[in-house]
Amino acid sequence: MTNEFTPKSDFLHVLLERGFVHQCSDFPGLDEKALQGGLAAYIGFDCTAPSLHVGSLLPIMLLSWLQRTGGKPLPLMGGGTTRVGDPSGKDESRKLLSVEQINLNKESIRKIFERFLKFDDAPNDALMLDNADWLAGLNYIEFLRDVGRHFSVNRMLTMDSVKMRLDREHELSFIEFNYMCLQAYDFVEVNRRYGAVLQMGGSDQWGNIVTGLDLGRRMGSPQLYALTSPLLTTSSGAKMGKTAAGAVWLNADMLSPYDYWQYWRNTEDADVIRFLKLFTFLQIEEITRLSRLQGAEINEAKKTLATEATALIHGRDAAEKAEETARTTFEQGTLSLTLPTITIESSEITAGLGVLNAFVKAGLVASTGEARRQIKSGGLRINDEIITDERRIINEKDFTDSGIAKLSLGKKKHLLLQLK
RNA sequence: GGGGGAAUGUCCCGAGCGGCAAAGGGGGCGGACUGUAAAUCCGCUGGCUAAGCCUUCGUAGGUUCGAGUCCUACUUCCCCCA
């Protein structure tokens, strides 16, 4: 895919070297553009949830590298398109969200970008866009006349995202079918308004991006370019970004820095180097050095990955604190007071709180039923002591003088109860 | 417009003679082995005030001691004919 081509621009050089590139519509052409400086590129982001998750991290890194190599990053909030729903890769139609919900999500997501990009007034400072700005007020008739006539339904039917739905005999509603038209139009509009000539995205967006490129040609935009990043899976094939607790969110109020650190710490051996290149800004030389580690030494690389990745979104302090918490908890096996903590009224203890409910309250298990099952297989511990009696009551003696007790699920998930 | 199929445990796929909390996978979680890894093996994978009780098989009714299973209507999807 990227064979033979040797980029002259820093931007493509870094991207290729670090494994960010899956496909590009025109390597030499884009390379040339990047060399000229001031390359403006955008990536669209959904507003379907109040936080982005690790799956979105890769595109964010792309934008950040763009800025670091002199380009102008334009993160685009899908405030408009989220109202429609992207059919790509999904059999089920998405639930439509309310406009209010979308706006709330948008605000919440926006904060993440500020950790990765510099937003200001310099020429290559980032600019946050929202396609609702031009999509929400679209006039249907005008849109059909000016834009719609350039779309070939014949061609759209051959696109993978659509074909899959048709082949598998799944419903594809008109509103979803229009998604790609809107996204294509975005490209033209972002180019017209902000001069972006490049759209990036995950490999599943290739079809949508190329459709935009095509529309641009028909509507007289300058030459546009497409670049996609590989779909992220772990070496054992699992999709990235899922854990027991659900998605790996980037917002601290949805996933603590400690848990985020743990997510990266638990990376499979085979993925560490790839992830270091993609999700940290460490020098390639440093990563190469880490890649020579063997066997259990790889754990060092994992810690580096975890700390660097955590520092990017939660700050260096929080990352180092998470690392230290992990060291005390896992390597020394002692009680770390900086583990994620939930507070509990002391009256609840006096009233007699059973272990089952305590674990549910802590969020380590979803129900008392699950707690029972975990106890049967020896998965629950309080202060490192395996719970064998599901009717065990937690009492004052379980707490330290300062009112702390540690609950654990399995060997990895720990949490503190703090008496109030 | 006519005819024939299909919807199952709210993660997914999928079996299911009128006695069903419902086979089997995948995924996930826990245990063993390790290095907080992978692979492998074992167990679990509706809820609860738990040897009992409650709620699940597209929706609403009906037959029956008893319905995922039979009947009726409705919804959605698929196939064939026009």
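Here is the naming used below: chain letters follow the sequence lines, and residue numbers restart at 1 for every chain. Just the heavy atoms: all of them, side chains too, but no hydrogens, waters or symmetry mates, feed the values below.
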Interface with RNA chain B, restricted to residues 313-326 of chain A and to heavy atoms under 4.0 Å = A/Ala326

Lys/Arg-Asp/Glu bridge criterion (N-O < 4.0 Å) met for A/Arg316, A/Glu308 = yes

For A/Lys303, look at atom NZ and say whether over 12 heavy atoms of other residues, nucleotides or ligands are found less than 6.0 Å away.
-> yes

Report each atom pair, protein N/O against N/O of nucleotides 40-42 of chain B, whose distance is under 3.5 angstrom.
none

Under a 3.5 Å limit on both distances, the Watson-Crick or wobble mate of B/U69 is none

A/Arg218/A/Asp214 ion pair, N-O < 4.0 Å = yes

Between A/Ser291 and A/Ile273, what is the shortest heavy-atom contact and its length?
-> CA-CD1, 3.4 Å

A/Lys302/A/Asp269 salt bridge by N-O under 4.0 Å criterion = yes

Please give, in whole Å, the distance from B/U36 P to A/His414 NE2?
-> 11 Å

Enumerate the residues from residues 355-386 of chain A whose closest heavy atom to RNA chain B is under 4.0 Å, giving them by residue number; use none for an empty result.
-> A/Ser367, A/Thr368, A/Gly369, A/Arg372, A/Arg373, A/Gln374, A/Ser377, A/Gly378, A/Gly379

Looking across every strand, which nucleic acid part, if any, lies under 4.0 Å from A/Glu331 by heavy atom: base, sugar-phosphate, or nothing?
-> nothing

Integer angstrom distance from the C1' of B/C57 to that of B/C70 | 16 Å

Interatomic distance, A/Gln332 CD vs B/U36 P [rounded to whole Å] | 14 Å

Does any nucleotide pair with B/C53 by Watson-Crick or G-U wobble geometry, both distances under 3.5 Å, and what is it?
-> B/G47

What one should report as the nearest heavy-atom pair of A/Leu290 and A/Leu282 is CD1-CD1, 4.4 Å

Judged by whether its glycosidic angle lies within 90° of 0, B/C20 is syn

Between CZ of A/Phe330 and C1' of B/U36 the distance, given in whole Å, is 5 Å

Whole-Å C1' distance, B/G26 and B/G58 = 24 Å

Report the relative orientation of the aromatic rings in A/Tyr194 and A/Trp134; use parallel for angles under 30°, tilted for 30 to 60°, perpendicular for over 60°.
-> tilted

Under a 4.0 Å heavy-atom cutoff, the residues of residues 299-307 of chain A touching RNA chain B are A/Asn299, A/Lys302

Nucleotide B/A37, atom P - distance to CD1 of A/Ile273 in whole Å | 18 Å

Considering only distance and modelled atom types, tabulate donor-acceptor pairs under 3.5 Å from the side chains of residues 349-365 of chain A, sequence neighbours left out.
| unit_1 | atom_1 | unit_2 | atom_2 | d |
| --- | --- | --- | --- | --- |
| A/Thr350 | OG1 | A/Ser346 | O | 2.7 |
| A/Thr350 | OG1 | A/Ser347 | O | 3.1 |
| A/Lys361 | NZ | A/Glu348 | OE1 | 3.4 |

Show the atom names and distances, to 0.1 Å, of all donor-acceptor pairs under 3.5 Å that link a side chain in residues 401-408 of chain A to residues at least two apart or in another chain.
| unit_1 | atom_1 | unit_2 | atom_2 | d |
| --- | --- | --- | --- | --- |
| A/Ser402 | OG | A/Thr400 | OG1 | 3.2 |
| A/Lys406 | NZ | A/Asp384 | OD1 | 3.2 |
| A/Ser408 | OG | A/His414 | ND1 | 2.8 |

If you check every side-chain atom of A/Ile298, which of B/G35, B/U36, B/A37 has the closest atom?
-> B/G35

Inter-nucleotide C1' distance (B/C13, B/G27), Å rounded = 10 Å

Heavy atoms from other residues, nucleotides or ligands near NE2 of A/His150 exceed 12 (cutoff 6.0 Å) | yes

Between B/G4 and B/C48 - P atom distance, rounded Å = 45 Å

Please tabulate, one pair per line, each protein N/O and nucleotide N/O from nucleotides 51-57 of chain B that are separated by under 3.5 Å, including the distance.
none

Taking 4.0 angstrom as the limit, do A/Arg145 and A/Glu142 come out as a salt bridge?
-> no

Assigned partner base of B/C74, Watson-Crick or wobble definition, under 3.5 Å | B/G58

Show your reasoning for whether side-chain contact (heavy atoms from CB on, under 4.5 Å) applies to A/Thr310 and A/Tyr258.
-> CA-CA 9 Å; A/Thr310 306; A/Tyr258 168 79; over 6 Å; no

For A/Gln283, does the CD atom have more than 12 heavy-atom neighbours from other residues, nucleotides or ligands under 6.0 Å away?
-> no

State the NZ-CD1 distance between A/Lys106 and A/Ile109, to the nearest 0.5 angstrom.
-> 10.0 Å

B/C33 -> Watson-Crick or G-U wobble partner, both distances under 3.5 Å, gives none

Please, which pairs that meet ring-ring contact (aromatic ring centres under 6.0 Å, His included) have at least one residue in residues 288-327 of chain A, sequence neighbours excluded?
-> A/Tyr260-A/His314

With C1' as the reference atom in both, quote the distance from B/G28 to B/G46 in angstrom, rounded to an integer.
-> 16 Å

Pairwise distance CG(A/Asp26) to CG(A/Leu224) - rounded to 0.5 angstrom | 11.5 Å

Between atom OH in A/Tyr258 and atom C1' in B/U36, what is the gap in whole Å?
-> 9 Å

Taking only distance into account, with no hydrogens and no angle test, what donor-acceptor pairs under 3.5 Å do side-chain atoms of residues 65-72 of chain A form with protein atoms, sequence neighbours excluded?
| unit_1 | atom_1 | unit_2 | atom_2 | d |
| --- | --- | --- | --- | --- |
| A/Gln67 | OE1 | A/Lys118 | N | 2.9 |
| A/Gln67 | NE2 | A/Lys118 | O | 3.1 |
| A/Gln67 | NE2 | A/Asn124 | O | 3.0 |
| A/Arg68 | NE | A/Ser64 | OG | 3.4 |
| A/Thr69 | OG1 | A/Trp65 | O | 2.8 |
| A/Thr69 | OG1 | A/Leu66 | O | 3.1 |
| A/Lys72 | NZ | A/Pro123 | O | 3.2 |
| A/Lys72 | NZ | A/Asp125 | O | 2.7 |

Round to the nearest Å and state the distance from A/Asn266 atom CG to B/U34 atom P.
-> 18 Å

Given the P atoms of B/G47 and B/A73, what is the spacing between them in whole Å?
-> 37 Å

Residue list, side-chain contact (heavy atoms from CB on, under 4.5 Å) with A/Ser25, at least two apart or on another chain | A/Trp206, A/Leu213, A/Tyr225, A/Ala226

P-based separation of B/U55 from B/A38 [nearest Å] = 42 Å

C1' atoms of B/C33 and B/A37, separation to the nearest Å | 13 Å

Can any side-chain N or O of A/Asp398 pair as donor or acceptor with the backbone N or O of A/Asn395 at less than 3.5 Å?
-> yes

Pair A/Arg289 + A/Glu286: basic N to acidic O under 4.0 Å = yes

All side chain to side chain donor-acceptor pair (under 3.5 Å) counterparts of A/Lys111, not counting sequence neighbours = none

Those residues of residues 404-412 of chain A lying under 4.0 Å from RNA chain B by at least one heavy atom | A/Leu409, A/Gly410, A/Lys411, A/Lys412

In whole angstrom, what separates A/Leu415's CG from B/U36's P?
-> 21 Å

Taken to the nearest whole Å, NZ/A/Lys413 to P/B/G31 is 8 Å

